[in-house]
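One structure is given here, and the rest of the page talks about it.
Just so it is clear, the structure is predicted and the values come from calculations on it, not from any experiment. In what follows, chains carry the letters A, B, and so on, assigned in the order in which the sequence lines appear, proteins first and then strands, with residues in each chain numbered from 1.
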Amino acid sequence: MTDLKRRLTEAVSAAFTASGLDGTLGRVTVSDRPDLADFQCNGALAAAKAAKANPRALAEQVVARLRDDPRLASVEIAGPGFINMVVTDAELTLRAQEIAADPRLGASVTETPRRVVVDYGGPNVAKPMHVGHLRASIIGESIKRLFRFRGDQVWGDAHFGDWGFQMGLLIVAVGDEQPDLPFLAEGDGPFPTESPVSLADLERLYPIAAGRAKTDTDYRDRARRATALLQGGRPGYRALWRGFVEVSRTALEREFNALDIQFDLWNGESDADPLIPDMVAELEARGLLELDQGARIVRVAQPGDKRELPPLLVVSSEGSAMYGTTDLATILDRRRRLDPDLMLYVVDQRQADHFAQVFRAASLAGYAAEEALEHIGFGTMNGPDGKPFKTREGGVLKLHDLIEMAREKARARLREAGLGAELSSEAFEDTAHKVAVAALKFADLGNFRGTSYVFDIDRFMSFEGKTGPYLLYQSVRIKSVLRKAAEQGVAPGPLLVGEPAERELTLALDAYDTALSEAYAKRAPNLIAEHAYRLAQTFSKFYAACPILVAEDANIRASRLGFAKVTLDQLDSALRLLGIESPDRM
RNA sequence: GCGUCCGUAGCUCAACCGGAUAGAGCACUCGCCUUCUAAGCGAGCGGUUGCAGGUUCGAGUCCUGCCGGACGCGCCA
């Protein structure tokens with residue numbers, strides 16, 4: 001099943017070819033001028049340029065071949081050579097009925113399903129999630145759902161930051177505070193299985209230790225040695241580290257669940273670690289490694305580069321694995337275990353150079369084709385001052401606190417609307433949570449991921465305009481109508497396009513497939529968000545213009561109820577792809 | 001210094017492969033609840049697309065230069 005745009009593209013392309021023109025120029029798009037047409041094709045202009053001909057004359061040839069198309073109410077040439085098309089009500093009726101009958105609500109699947117790993121979230125041991133994690137989690141989750149919905153086999157991997165220098169820092173910090181810990185002893189143990197520190201301890205110690213390591217070289221060297229010993233397998237350090245990982249992960253999973261984010265894999269950086277010695281040996285054997293200032297590196301610069309890309313550091317002068325080493329080993333690990341066609345890294349744009357280095361090294365080593373590795377970068381979330389977001393006190397806002405702030409705003413608004421009396425306290429809390437999550441996610445996914453945006457809690461939580469709560473509201477309103485219809489014994493019937501609002505709604509529903517395939521191609525969930533918003537808005541117009549349950553004619557009543565039903569289904573489908581769930585009432 | 005990205009309405013953001021009259025939301029003004037949730041709908045106001053050149057029938061979009069900003073640039077992740 002294809003959408004109207006694609007069907008018309010086929011027809012217009014055929015007309016171009018039949019006129020002796022390049023068929024690919026027959027691409028049809030939704031009209032820029034809804035007052036003039038439903039769809040348009042600008043191909044005659046491009047064809048004229050290539051052939052040095054008159055665009056209107058070429059358009060005339062093409063249009064002549066389209067005049068008999070029964071699906072078109074009109075085909076006209078406008079301006080310098082735009083081909084404007086208006087679709088008949090009959091064709092729209094047919095399309096509306098198709099979408100209503102389609103379990104996928106008009107969305108197609110990809111022609112060639114792939115095996116895809118989406119690496120996102122990036123939680124770390126000992127670091128509570130903060131607003132900076134919000135984007136990675138929200139965007140990654142949406143991309144994962146989108147790819148899966150389009151038919152790919154997808155694994156979402158949290159890629160847990162449980163390894164590296166930060167672990168050495170924690171060992172030193174904890175050891176300094178509790179020097180009598182059995183874990184610090186050399187030898188094989190046995191060691192306690194209980195963590196000697198709480199998450200709160202780790203969260204308190206880590207920033208202090210990290211700060212000290214920046215200025216205190218002795219301290220830094222101790223942490224580096226601890227890192228090397230941990231990675232070398234010292235049993236006491238390993239046992240202590242396992243405690244860090246456990247207390248951290250428990251808390252992190254709770255937070256992800258609150259945002260309706262689920263990972264298929266919680267592979268830590270430590271899981272890639274066992275592969276490193278063989279990997280290093282192999283890189284060595286292939287002559288890819290070079291000794292430089294005591295470290296072992298892979299040179300990744302290429303001739304065409306505008307600037308020389310620094311080499312990837314594989315083994316530090318201390319003998320430690322680095323960030324890039326782990327990432328490289330992770331690629332190797334995934335290749336062996338999952339053999340993906342594509343790995344997407346949903347990580348802050350600022351790490352673009354790092355991923356370029358790792359991907360090139362992976363390509364050189366033959367671990368993955370460079371096209372199979374993609375960094376899906378996103379911009380930073382800034383405060384109202386345009387600088388990276390901070391609380392009023394200058395600290396980092398924890399994700400947990402952010403969600404609670406949002407929830408509190410949602411509760412207040414729900415109480416205003418009188419929902420407090422209507423719903424049980426459980427249902428009320430559930431609704432407040434859904435509204436809060438929708439507000440946060442839609443505020444983020446409404447923007448293209450690559451651009452930084454201003455994080456403004458009041459604007460986030462405003463329940464008016466282009467916001468998550470607006471979308472939920474439209475969904476809820478439709479559910480309410482459907483409930484009333486069921487009480488009155490009215491059932492949805494065949495969709496009939498007559499009123500302008502019904503035409504518009506059908507065209508909006510038809511645009512779902514394009515929105516999803518574009519979002520998929522560009523890895524850009526904001527296109528889903530935009531579609532959802534446009535659909536909700538178009539429905540709201542329809543709702544105002546076309547009474548449903550009070551319509552005189554029974555067929556029209558059933559048709560409009562059918563429009564309500566299919567709109568709800570597609571809207572909820574789109575929202576699910578954004579990771580947003582709509583409540584029953586609000 | 002080198003590199004990447006960005007500069008669009010008072011504010012926050014769009015603009016599909018270079019196409020028609022640069023669009024939304026917020027804010028502001030005005031209308032609309034004896035119809036299904038007004039968290040809504042309709043209408044209005046608001047623009048020299050940072051500046052200057054160039055290519056083109058046509059430039060927010062491509063090229064050059066300048067101004068302004070964010071970010072990155074081997075032993076943190």
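A:Ser452 and A:Thr380 form a side-chain donor-acceptor contact under 3.5 Å, judged by distance and modelled atom types alone. For the 3.5 Å distance criterion, the side chains of A:Ser248 and A:Lys127 fail to qualify, holding no donor opposite an acceptor. Under the 3.5 Å distance criterion, with hydrogens and angles disregarded, a donor-acceptor pair is assigned to the side chains of A:Asp162 and A:Ser270. Checking A:Glu464 against A:Tyr473 by side-chain atom types alone, no donor-acceptor pair falls below 3.5 Å.
Between B:G25 and B:A70, the distance separating the two P atoms is 31 Å to the nearest Å. The gap from the P atom of B:U29 to that of B:G72 amounts to 43 Å, rounded to the nearest Å. B:G46 and B:G23: their P atoms are spaced 14 Å apart (whole Å). For the C1' atoms, the distance linking B:C41 with B:G53 amounts to 47 Å, nearest Å. Comparing the C1' positions of B:C62 and B:U49 gives a spacing of 16 Å, expressed to the nearest Å. The gap from the P atom of B:A39 to that of B:G44 amounts to 24 Å, rounded to the nearest Å. Here the separation of B:C57 from B:G18, taken at their C1' atoms, is 12 Å to the nearest Å. For the C1' atoms, the distance linking B:C30 with B:C45 amounts to 11 Å, nearest Å.
Rounded to whole Å, the distance from OH on A:Tyr453 to C1' on B:G25 is 16 Å.
A syn orientation is assigned to B:C17, its glycosidic angle lying within 90° of 0. Annotated as syn: B:C33, whose glycosidic dihedral is within 90° of 0.
Comparing B:C17, B:G19, B:A39 by their nearest atom to the side chain of A:Phe463 picks out B:A39.
For the pair A:Lys49 and B:G18, the criterion of a side-chain N or O lying under 4.0 Å from OP1 or OP2 is not met. A sub-4.0 Å separation between OP1 or OP2 of B:G25 and a side-chain N or O of A:Gln537 is present. For the pair A:Tyr470 and B:C41, the criterion of a side-chain N or O lying under 4.0 Å from OP1 or OP2 is met. Phosphate proximity of B:U4 to A:Lys306: present, with a side-chain N or O under 4.0 Å from OP1 or OP2. For the OP1/OP2 pair of B:C13 and a distance below 4.0 Å, the side-chain nitrogens and oxygens of A:Lys466 include no atom meeting the criterion. Close to B:A14, at under 4.0 Å from its OP1 or OP2, lies a side-chain N or O of A:Thr451. For A:Ser480, no side-chain nitrogen or oxygen approaches OP1 or OP2 of B:C36 to under 4.0 Å. Regarding contacts with the backbone of B:A27, every side-chain N or O of A:Arg459 stays at 4.0 angstrom or more from both OP1 and OP2. The phosphate of B:A38 (OP1 or OP2) has a side-chain N or O of A:Tyr473 nearer than 4.0 angstrom.
Figure legend: A:Arg249 and A:Phe160 shown without cation-pi pairing, the cationic atom not lying both under 6.0 angstrom from the six-membered ring centre and within 45 degrees of its axis.
Remark: B:A20 base-pairs with no nucleotide; criterion is Watson-Crick or G-U wobble with both hydrogen-bond distances under 3.5 Å. Remark: B:G53 base-pairs with B:C63; criterion is Watson-Crick or G-U wobble with both hydrogen-bond distances under 3.5 Å. Judged by Watson-Crick or G-U wobble contacts below 3.5 Å, the nucleotide B:A70 has B:U4 as its partner. Pairing of B:A14, defined by two Watson-Crick or G-U wobble distances under 3.5 Å, is not identified with any nucleotide. Across all strands shown, B:C36 forms no Watson-Crick or G-U wobble pair with both distances under 3.5 Å. As the counterpart of B:A9, no nucleotide is assigned, since no Watson-Crick or G-U wobble pattern has both distances under 3.5 Å. In this structure, B:C45 makes no Watson-Crick or G-U wobble pair, since no nucleotide meets both defining distances under 3.5 angstrom.
Shown here is A:Glu308, whose CD atom has no more than 12 heavy atoms of other residues, nucleotides or ligands within 6.0 Å.
A:Leu414 comes within contact range of at least one nucleobase, with a heavy-atom separation under 4.0 Å.
Under the stacking definition used here (centres under 5.5 Å, planes under 30°), the residue A:Phe165 fails to qualify as stacked on the base of B:A77.
Using a cut-off of 4.0 Å between Lys/Arg side-chain N and Asp/Glu carboxylate O, A:Arg449 and A:Asp444 are scored as not salt-bridged.
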